[in-house]
Amino acid sequence: MEANKEMDKQPDYEEEFVFLDLDDCLYSDIPPNAPFVLSGLDTLTPTLQIGNHLKLIGEYQETVGTCYIFSESGPSLNEKCPTDQNHVPSKEVKPLASLQKILKFKVCTEDGSKANVADD
């Protein structure tokens, strides 16, 4: 009976995944392992502060269809490397999540507006 009560409990929150798109940002401005703060996810323009110098302003975009996120793992240690040079080691791909929103970020200028980035 106790087990049935545990199974009937559902969390008080709904989990939602969002893809952070930083394509319009200069990756050279972001040092590896830099501390960051992501805030305002429940607003129309969330902010991402990376380190003390780089501030990004985001904007939600709906995806066309559903985006799927996967994780990839390398070949297992048990897999022997054949002498055939055309052989490609197998990788395991597992689905992590599906999502309906993309959070696209742009660099924020000193006055608080989004910087215009030239499209290629």
Side-chain angles (χ1 to χ4, degrees):
M1 182 158 170
E2 189 69 31
N4 288 339
K5 288 182 182 178
E6 291 294 324
M7 291 177 68
D8 290 338
K9 288 184 181 180
Q10 293 188 6
D12 294 338
Y13 59 89
E14 184 177 328
E15 193 172 66
E16 183 176 356
F17 293 92
V18 177
F19 178 76
L20 303 181
D21 183 356
L22 302 176
D23 276 348
D24 288 342
C25 306
L26 299 174
Y27 293 109
S28 61
D29 290 346
I30 303 173
N33 301 322
F36 66 92
V37 176
L38 181 59
S39 60
L41 285 173
D42 56 344
T43 67
L44 293 176
T45 55
T47 60
L48 175 60
Q49 178 80 36
I50 302 175
N52 294 327
H53 305 290
L54 186 60
K55 184 175 181 179
L56 308 171
I57 301 293
E59 185 174 75
Y60 286 104
Q61 296 179 348
E62 295 291 324
T63 62
V64 177
T66 302
C67 289
Y68 292 98
I69 306 296
F70 297 91
S71 70
E72 183 180 279
S73 61
S76 67
L77 295 175
N78 296 336
E79 186 176 337
K80 295 181 180 179
C81 184
T83 56
D84 181 11
Q85 292 181 351
N86 293 330
H87 175 76
V88 177
S90 63
K91 292 184 179 183
E92 186 175 339
V93 178
K94 294 181 182 180
L96 287 179
S98 63
L99 52 95
Q100 304 290 324
K101 292 181 184 177
I102 295 174
L103 185 49
K104 190 165 186 74
F105 282 98
K106 295 187 187 260
V107 177
C108 182
T109 60
E110 296 278 331
D111 64 0
S113 64
K114 286 187 263 184
N116 290 330
V117 178
D119 292 330
D120 292 333

Keeping to residues at least two apart or across chains, list the side chain to side chain donor-acceptor pair (under 3.5 Å) pairs with something in residues 94-105.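 Only D21-K104, T66-Q100 qualify under side chain to side chain donor-acceptor pair (under 3.5 Å).
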
Nearest heavy-atom neighbours spanning E59 and L103: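 Heavy-atom minimum between the residues: N-CD1, 3.6 Å.
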
Hydrophobic clusters join Ile, Leu, Val, Met, Phe, Trp and Tyr when side-chain heavy atoms are under 4.5 Å apart, directly or via other members; which others share one with V64?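 Listed partners: none, V64 stands alone.
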
Members sharing V37's hydrophobic cluster (side chains within less than 4.5 Å):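 Same cluster as V37: nobody, lone residue.
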
Can you tell me how far the CZ atom of F70 sits from the CG atom of L96, to the nearest 0.5 Å?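 F70 atom CZ to L96 atom CG measures 8.5 Å (nearest 0.5 Å).
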
Listed partners of [X] passing side-chain contact (heavy atoms from CB on, under 4.5 Å), at least two apart:
| X | result |
| --- | --- |
| L38 | L20, L41, L48, F105 |
| A34 | P31, I50 |
| L99 | F17, F19, T63, C67, I69 |

Results of side chain to side chain donor-acceptor pair (under 3.5 Å) for S71 - residues two or more places apart only: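 None.
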
What residues form a side chain to side chain donor-acceptor pair (under 3.5 Å) with E62, not counting sequence neighbours?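 Applying side chain to side chain donor-acceptor pair (under 3.5 Å) to E62 gives none.
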
